[in-house]
Each structure stands twice: as structure tokens, then as C-alpha cells.
Protein chains: 2
Amino acid sequence: MLNSGINRISSKELSERMGITASQIRQDLNCFGGFGQQGYGYNVESLYKEIGRILGLDNNFQTIIIGAGNMGRALANYKNFEKRGFKLIGIFDKDPKVVGQKINDLDVRHIDDLQKFTQENKVDIAMLCVPHDETPIVAEKAAACGIKGLWNFSPMELKLSHSNVNKNIVIENVHLSDSLMVLGYKINEMMKANKNELPR
Amino acid sequence: MLNSGINRISSKELSERMGITASQIRQDLNCFGGFGQQGYGYNVESLYKEIGRILGLDNNFQTIIIGAGNMGRALANYKNFEKRGFKLIGIFDKDPKVVGQKINDLDVRHIDDLQKFTQENKVDIAMLCVPHDETPIVAEKAAACGIKGLWNFSPMELKLSHSNVNKNIVIENVHLSDSLMVLGYKINEMMKANKNELPR
DNA sequence: TAGATTGTTAATCGATTAACAATC
DNA sequence: TAGATTGTTAATCGATTAACAATC
């Protein structure tokens, strides 16, 4: 809306765009503050800023990627993250053939240099893109370095060992398989509703 | 559990592993059928099969990837999908430098060959890994070819044009930025709770 | 001032949890 | 038969929606 030059919106209009009720928009926003104005609605720019503040996007989180395979590279090239306040400052891998390569102006470092790197640089978030079976070990390492958030891409619910549970660390799991299975389920439901089986 | 040789589990044990109540497990499963047995619990193998059936994993969905960039390649190398009943049978791109390359035993085809390909092969799902601005066009193309599900990786809520809305097609959006912002939010909350600001 | 739209309270709805009879 | 645990009904809780006074 900002880009389209819309500078004012009511909860009613927003509800139509978002497919939820106006009540819910007002109710939810009011959990964080009174961002609107009676008789006017919401100012798009200020609402945008407030939501950014709620999400903490003004924190400028410093992030690293661990695992420079295809997924790691894909994330490194995602332009959107920086726009949202997540700055990529390092990429790590254990493969000597990959270490030293340049990805997006960043040298791939050896995973053994992680501790030194985190001592010299503030690292908030590690994006874990290593193979399935290496994830728990790498996660423990990252936790030991004082990283505050782990973004896990391996198809497992990542949990930390007891010694690290008390450390202040947040884990967000991205379960791609789950999402794909949901798609499969919905396709099924659709086919059933249409009474034509999957033609197989 | 299957792999660990556990062949029987009660809703209580499951609830402890999953961090939800036993009531909810029984309630939810019973939406789909009575898979347990009084006094015994659930047979792990049969429960696994039943859940697979609910999700439609026995459908063996045929999938293609559109966009052979880093994300497309990452997905092509994900071993887990096949295990869950999603078979990758084609990869498409529009870049002549990429078309013809081999990824995981599959030749990258030109996007212009999509229609012909879908006529000759049953394609259920297209994974969309093309840049942001190309996604809507590619999605329309895929929809026109009779593909039943779109798995969208670009950072936008994908919607189809009116002509395709009535076509039977399901869209599942993977919003990686959203997930990352949730992680950022949680880190924030944690820091606030600990009363130490993000040290920046 | 009149109209619009918020913030907020009250009513409704749905989802989670608790309880227990049925039954393996 | 006794013990365990389900399937299912009833009670509770929380989230969504509706309504409206406050106010820009």
C-alpha cells in the first residue's frame, strides 16, 4: 500500500484485503497499542512502522548461515531478508572445497572458526542448512557461542541438550516437508470434493 | 518410533513426546477414525500408515520444479520428499545457460516445453522457485496446464487470476521471510523478558 | 456539527481439556 | 477378572465476532 501511495486505510478496507474481519484487525492491533484514529482509520505509513517495531525489525539482527549447500546459497541470495532488518555477515561450512569460496561478497569460512568469529562479531541468528544428521551437533555449537536464535531447515524438530536449554536461545523450525504434505492433503480433499479421484 | 522398534504407544506417552495433551491426540485422531484399542493404545505401525493415508501420501504425487536457481536445486536435492510420496519428474527454467544441465539425473527443460510435458506426463504439483516478479505469470501457466497444486516460494501471497480461480487448483505459500520475522520477534520477547536489551 | 471509524466491552463460537463409561 | 486405555460426552477455556459508546 505504501508503494501504491495509499496513505490511509480503515479496518474495514483492510479486512477485505486480508480476508479476515475488521473486528479482529482492531482487536489484534490493540493488543500492542492504539495505532488508529476514530473517524479516520489507520495511517498506512505509521501502521507499517508500528508493526515493524512490534516484530523488532528495527533491531537489525546479525545473521550467519551454517552450511553452504544449495539451501544455504539460496538463503544467501534472498534479497528480502536484508530489507526486513536481517543482515547476513557470515557463511560457514566444513567442506574444504567450499571454504574460501565467495558467495554474495562473503567468504565461506570453516565451521571451526565459528567461535572466534562470534567473539569478534555480534551474531544474533544462525540459519542452519546442514544435512539432517549434522544439525543437532551444529546447533549445540551455535548455542555454545551465545547465538540467540536458530533457524532450522532440516526435517526434524530441533531441540537442544539439557545444558543448553537454560541458555537463552530461541528455535524456529522450518518444516518444508510438512508444508508439502499439507499441500498434498488439500489436493486430496479437493479431488474428493469434486468426486474425481487422482487419476493414477 | 518405527525405526527405534517401538510398536505400541498410548496417547499419554505420545502427549509427553509431543508436548500436547493426551485428550487432544485422541480427540484429533478420532476425527479421522478409531485407530486405537482400549487397554492397549495405538499400534505405531498402523497409526503411521493411517496418518499417511489421511495425508494422502500413498497418492504418489508427481511433481516438477519451475526455476532451477539455488532454491530449485535445493528442493531437487531434498531426499525427504520422495520418502513422503512426492516424486520429482521434471525441472524447468527459462535461462538457456541452465536448460540442458543435469540436476539429480533430470535434464533441465525449457519452460516453453511445460505444456507439452504436462500433456505427456501426469503432473500434480509444481514447486515455484522463480524470482518474485515472474511468479504470477508462471503460476498462471502452470494452472493452465491442469496442475493441481502450486507450492510457492516467492515472498508474496500467490493468488490466481479470475479465469483460473474456478479451476481446481490449490496453492500453498511458503513464506520464509515470515518465519524469520517470527524468530526475530521471539528473540525480542526473550530479551525483553530477561531485561537485557539486544546489545547493539 | 454530522459522519466515520476507532477502541473496547459483551456475546458467540469453536477448540481444548477433563471426565468417564465402554471395552480390549 | 482386573488393569489399562480408548472413544466420546460434558465442562472449560480462549479466540473470534458483534455491538456500541467514545471521539476524531
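Keep in mind that the numbers below use all heavy atoms, side chains included, and drop hydrogens, waters and symmetry copies. Here is how names work: the chains are called A, B, and so on, in the same order as the sequence lines, proteins then strands, and each is numbered from 1.
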Listed partners of Lys87(B) passing salt bridge (Lys or Arg N to Asp or Glu O under 4.0 Å), at least two apart: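 If we apply the salt bridge (Lys or Arg N to Asp or Glu O under 4.0 Å) test to Lys87(B), skipping adjacent residues, the hits are Glu82(B).
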Holding to salt bridge (Lys or Arg N to Asp or Glu O under 4.0 Å), I want the full list of residues that pass it with Lys102(A), two or more places apart in sequence or in another chain.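 So Lys102(A) forms a salt bridge (Lys or Arg N to Asp or Glu O under 4.0 Å) with Asp107(A).
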May I have all residue pairs that pass salt bridge (charged side-chain N to carboxylate O under 4.0 Å, His left out) and include part of residues 29-56 of chain B, sequence neighbours excluded?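 Every salt bridge (charged side-chain N to carboxylate O under 4.0 Å, His left out) pair that includes a residue of residues 29-56 of chain B, provided the two are not neighbours, is Glu45(B)-Lys49(B), Glu50(B)-Arg53(B).
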Would you say Leu106(A) ends up clustered with Val99(A) if hydrophobic residues are merged whenever their side chains have heavy atoms under 4.5 Å apart, either directly or through other cluster members?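 No, separate clusters.
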Could you pull out every donor-acceptor pair under 3.5 Å between side chains of residues 28-41 of chain A and any protein atom, sequence neighbours left out?
none

Any ring-ring contact (aromatic ring centres under 6.0 Å, His included) pairs touching residues 65-98 of chain A, not counting sequence neighbours?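 Listed once each, the pairs are Phe61(A)-Phe86(A), Tyr78(A)-Phe81(A), Phe81(A)-Trp151(A), Phe92(A)-Phe117(A).
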Distances under 3.5 Å only, N/O to N/O: pair up the protein atoms with those of nucleotides 15-21 of chain D.
from	atom 1	to	atom 2	distance (Å)
dT16(D)	OP2	Gln24(A)	NE2	3.1
dT16(D)	O5'	Gln24(A)	NE2	2.9
dT17(D)	OP2	Thr21(A)	OG1	2.9
dT17(D)	OP2	Gln24(A)	OE1	3.4
dT17(D)	O4	Gln27(A)	NE2	2.5
dA18(D)	N7	Ser23(A)	OG	2.5
dA19(D)	N6	Arg26(A)	NH2	3.1

Suppose we screen for side chain to side chain donor-acceptor pair (under 3.5 Å). Which residues come up paired with Gln24(B), at least two apart in sequence or across chains?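 Gln24(B) satisfies side chain to side chain donor-acceptor pair (under 3.5 Å) with no residue once adjacent residues are dropped.
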So, using side chain to side chain donor-acceptor pair (under 3.5 Å) as the criterion, who are the partners of Thr135(A) when residues are at least two apart?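 Only Ser154(A) meet the side chain to side chain donor-acceptor pair (under 3.5 Å) criterion with Thr135(A).
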Sequence-distant partners of Gln27(B), side chain to side chain contact (heavy atoms under 4.5 Å, CB included), two or more places apart: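 For Gln27(B) there are no side chain to side chain contact (heavy atoms under 4.5 Å, CB included) partners, ignoring immediate neighbours.
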In residues 5-13 of chain B, which ones come under 4.0 Å of DNA chain C, going by heavy atoms?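 DNA chain C contact set from residues 5-13 of chain B: none.
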Over 12 non-hydrogen atoms of neighbours within 6.0 angstrom of CD in Glu189(B):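 Above 12, so yes.
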Pairwise N/O distances under 3.5 Å, protein to nucleotides 22-24 of chain D:
from	atom 1	to	atom 2	distance (Å)
dC24(D)	O3'	Gln37(A)	OE1	3.2
dC24(D)	O2	Gln38(A)	O	3.3

Rounded to whole Å, how long is the line connecting atom CZ of Phe35(B) with atom C1' of dT6(D)?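 In whole Å, dT6(D) C1' and Phe35(B) CZ are 13 Å from each other.
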d(CG, Leu29(A); C1', dT8(C)) in whole Å: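 Answer to the nearest Å: 14 Å.
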Straight-line distance of Ile103(B) CD1 to Leu75(B) CG, nearest 0.5 Å: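 If I round to the nearest 0.5 Å, the distance is 10.5 Å.
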If we fit an axis to the first five pairs and another to the last five of the helix from dG3(C)-dC24(D) to dC24(C)-dG3(D), what angle do they make, to the nearest 10°?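 The helix from dG3(C)-dC24(D) to dC24(C)-dG3(D) shows an end-to-end axis angle of 20°.
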Does a side-chain N-to-carboxylate-O contact under 4.0 Å join Lys12(A) and Glu16(A)?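 Looking at Glu16(A) together with Lys12(A), the answer is yes, because their closest N to O distance falls below 4.0 Å.
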Starting from the C-alpha separation in whole Å, work towards a yes-or-no answer on side-chain hydrogen bond (donor to acceptor under 3.5 Å, both in side chains) for Ser177(A) and Arg84(B). CA-CA 8 Å; Ser177(A) 309; Arg84(B) 299 272 178 256; 5.3 Å; no
